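Worth saying up front: this structure is predicted, and the values here are computed from it rather than measured. Below, chains carry the letters A, B, ... as their sequence lines are ordered, and counting in each starts from 1.
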There are 2 protein chains.
Amino acid sequence: MQVKIKDVAKHAGVSVTTVSRVLNGERYVKDDLKAKVNDAIQELGYAPSQIARSLVRNKTNLIGVIVPDLTSSFYSTILSSIEDMASANDYNLLVCNISENIDKELKYLNVFQEMRVEGIIIMHEKINEEIRHLIHKINIPVIFSSVKPLDQSFASVIVDDYQASYDATKYLIELGHETIGFIGGDLQDITSGQNRYSGYRNAMADNGKTLVDEHIRFGDYKVRSGYLHMKELLSIERPPTAVFAVSDDMALGAMNCIRDHQLRVPEDISVMGFDGSLLTELVRPTLTSMEQPIQEMGRATMDVLLKQISGKKIPTGDVVLEHRLVIRESCQPRI
Amino acid sequence: MQVKIKDVAKHAGVSVTTVSRVLNGERYVKDDLKAKVNDAIQELGYAPSQIARSLVRNKTNLIGVIVPDLTSSFYSTILSSIEDMASANDYNLLVCNISENIDKELKYLNVFQEMRVEGIIIMHEKINEEIRHLIHKINIPVIFSSVKPLDQSFASVIVDDYQASYDATKYLIELGHETIGFIGGDLQDITSGQNRYSGYRNAMADNGKTLVDEHIRFGDYKVRSGYLHMKELLSIERPPTAVFAVSDDMALGAMNCIRDHQLRVPEDISVMGFDGSLLTELVRPTLTSMEQPIQEMGRATMDVLLKQISGKKIPTGDVVLEHRLVIRESCQPRI
DNA sequence: ATTCGCCGCGAAAACGTTATATCCTTTTCA
DNA sequence: TGAAAAGGATATAACGTTTTCGCGGCGAAT
């Protein structure tokens, strides 16, 4: 059986209350007693039970995180940054990896509620009515990181996806490309689906480029999806000279596909990514990408959440971070 | 304030005990009462407090995980697999990302103890005396995943790193390579440092290849490290015609370096990786690699840990999984 | 007809902490 | 000098559950 505060008290010859005082660094304990208590703690190897502590303090120092895919470079980087911030603020992370598994998400939201987590971070926006309702019901601060759900009542930390996509497309246009393929995300996603698509459309239209239906495809942000859609783009009569994929993973897939068709990036086709994940520097050619400040996104997420938890309501629901075009090797002027 | 079991009891007109019985699916509750209780739970939106439950049951359903680097494809894949198994067995994961930060590890081990986690998973082997001592002291089942520390008293799930490395090297030898560069890990690591190095050495010696000091280098498993060490290998007079890096990340770094020097993989230099991470299929050329069964490793880890937790002591401390050479494009016969 | 055992329920005692109330000292200050 | 304030310690009541125990009622077995 674990040693408990009572044992420490007995061993040190003081009351339980005094031990508790020493543990929590309160005043009103003389140094000699404090020393005796600390010795006892040391000797018995006592570690206070956070469970009991949480119960009486009504505070768990727990934060629940729902990640769509742990193995994705993008999400794991955000998570890593979130973990740093959490640890620095003495919060612990309960993580759930829902790989497209909607049931698991529902289950975990319940677990989070039962565990009395103080806040919840969600990194995807495909929330159905049931989940939306549940989130509202449980009355725990929730923040969306890197995505923004339709429901305006939820806080979120994002970039301006529309503008970022607009800027990325514009850059390709400025390089002289007349035809620019687009590999988008799920149109049911507002943030990364619709907004990025609109940005692309409007940049094209504003600059007098015609939108070709054949050049526009929608994937699921993953490498394989980028590969397959690129294959389709290459199969049409006059493939675009540049391709904008709304995730680095899909951009990588596209690059691989292009190479597998004996074409070169960027000489034959320029490829632009989105996210600024670690991948961009690991692949050859290095990937020009519309970068989200991933690290900062994690930090900002925790920042806002911690404020929500401590009761300081955030004035606006959204924190919009700056996107940044990082030019590497995968895009070049149209010759 | 949260609604509690007492409120449910009052609302349903029964005793607290009865509500608890319904919650835990015990017998001895008549159907009509059960229905009334369930209605009350529904109406009040009651979720039982795991905190209180844990306290009285002396069981938290929590498992602590210490990951060296969340952003690494290898670790995040193991973690993802561990999470799946945990979730399936109604366990929740408390994750800690220690990026070379030894203090953070110490801190988290304490947190794990205070949180009364039922088991701890550690994915690195650089544990110093203090940590070793602490782990022994806290008396919670601990298992090492993908690594095996010197201390034989700890359980672990690994591959036979020596043999895997031996086999990988032998494959390169069989391809006709006379000179094979080696980019190893930290020699202070038993599993991935020493064992893999010995495997390489012995495979070379057993097949009459001379070991060239200049061809042997030691990195830190990361992409950048592979790049830098490959640069050194390329700077010597007669670079090896094949290179074996003991992580896929380093192998990728090596490939990038080779390409940046206007050489081709595998035509000029063959590159062999280790791990079988997702990267292997994402890069071009695809990476031949000595694959660890990453998914299974996560599963086996949880499997053993759960048995340890339930008190069924595991006969042997180690579970050794099968490694497998997966031949892709990055290695070819020496011409 | 009495005992025995299972049902079906509730009251109350845990679980390991912190918070509250209380009590005795000692110090401070008018 | 006396009263109030502050310091130092304790006993006890929470916190929200599960578990133990006990107590009727009822059918079956003795």
inquiry  = Salt bridge or not between A/R299 and A/E296? Use side-chain N to carboxylate O under 4.0 Å.
reply    = no
key: Non-neighbouring partners of B/F144 that pass ring pair (Phe, Tyr, Trp, His ring centres under 6.0 Å), sequence neighbours left out   = B/F154
key: side-chain hydrogen bond (donor to acceptor under 3.5 Å, both in side chains) partners for B/T18, two or more places apart   = B/S15
key: Contacts of type ring pair (Phe, Tyr, Trp, His ring centres under 6.0 Å), residue A/Y91, not counting sequence neighbours   = none
query = Contact class for B/S49 (heavy atom, under 4.0 Å): base, sugar-phosphate, or nothing?
reply = sugar-phosphate
ask   = Within the side chain of A/T301, is there an N or O that forms a donor-acceptor pair under 3.5 Å with the backbone of A/M297?
value = yes
Could you run down the sub-3.5 Å N/O contacts of the protein with nucleotides 10-14 of chain C?
{"from": "C/dG10", "atom 1": "OP1", "to": "B/S15", "atom 2": "N", "distance (Å)": "3.3"}
{"from": "C/dG10", "atom 1": "OP2", "to": "B/S15", "atom 2": "N", "distance (Å)": "2.9"}
{"from": "C/dG10", "atom 1": "OP2", "to": "B/S15", "atom 2": "OG", "distance (Å)": "2.7"}
{"from": "C/dG10", "atom 1": "OP2", "to": "B/T18", "atom 2": "OG1", "distance (Å)": "2.3"}
{"from": "C/dG10", "atom 1": "O5'", "to": "B/S15", "atom 2": "OG", "distance (Å)": "3.4"}
{"from": "C/dG10", "atom 1": "O6", "to": "B/R21", "atom 2": "NH2", "distance (Å)": "2.9"}
{"from": "C/dA11", "atom 1": "N7", "to": "B/T17", "atom 2": "OG1", "distance (Å)": "3.4"}
{"from": "C/dA11", "atom 1": "N6", "to": "B/T17", "atom 2": "OG1", "distance (Å)": "2.9"}

remark   = salt bridge (Lys or Arg N to Asp or Glu O under 4.0 Å) pairs touching residues 44-70 of chain B, sequence neighbours excluded, are B/K59-B/E118
query = Between atom NZ in B/K36 and atom C1' in C/dG8, what is the gap in whole Å?
reply = 13 Å
message = Under a 4.0 Å threshold between the charged nitrogen and the carboxylate oxygen, would B/D90 count as salt-bridged to A/K107?
response = yes
query = Counting only heavy atoms not in A/H133, do more than 12 sit closer than 6.0 Å to its NE2 atom?
reply = no
Inter-end axis angle, the helix from C/dA1-D/dT30 to C/dA30-D/dT1, with every axis fitted to five base pairs (rounded, 10 degrees) = 50°
query = What is the distance from CG of B/N24 to P of D/dT19, rounded to the nearest Å?
reply = 7 Å
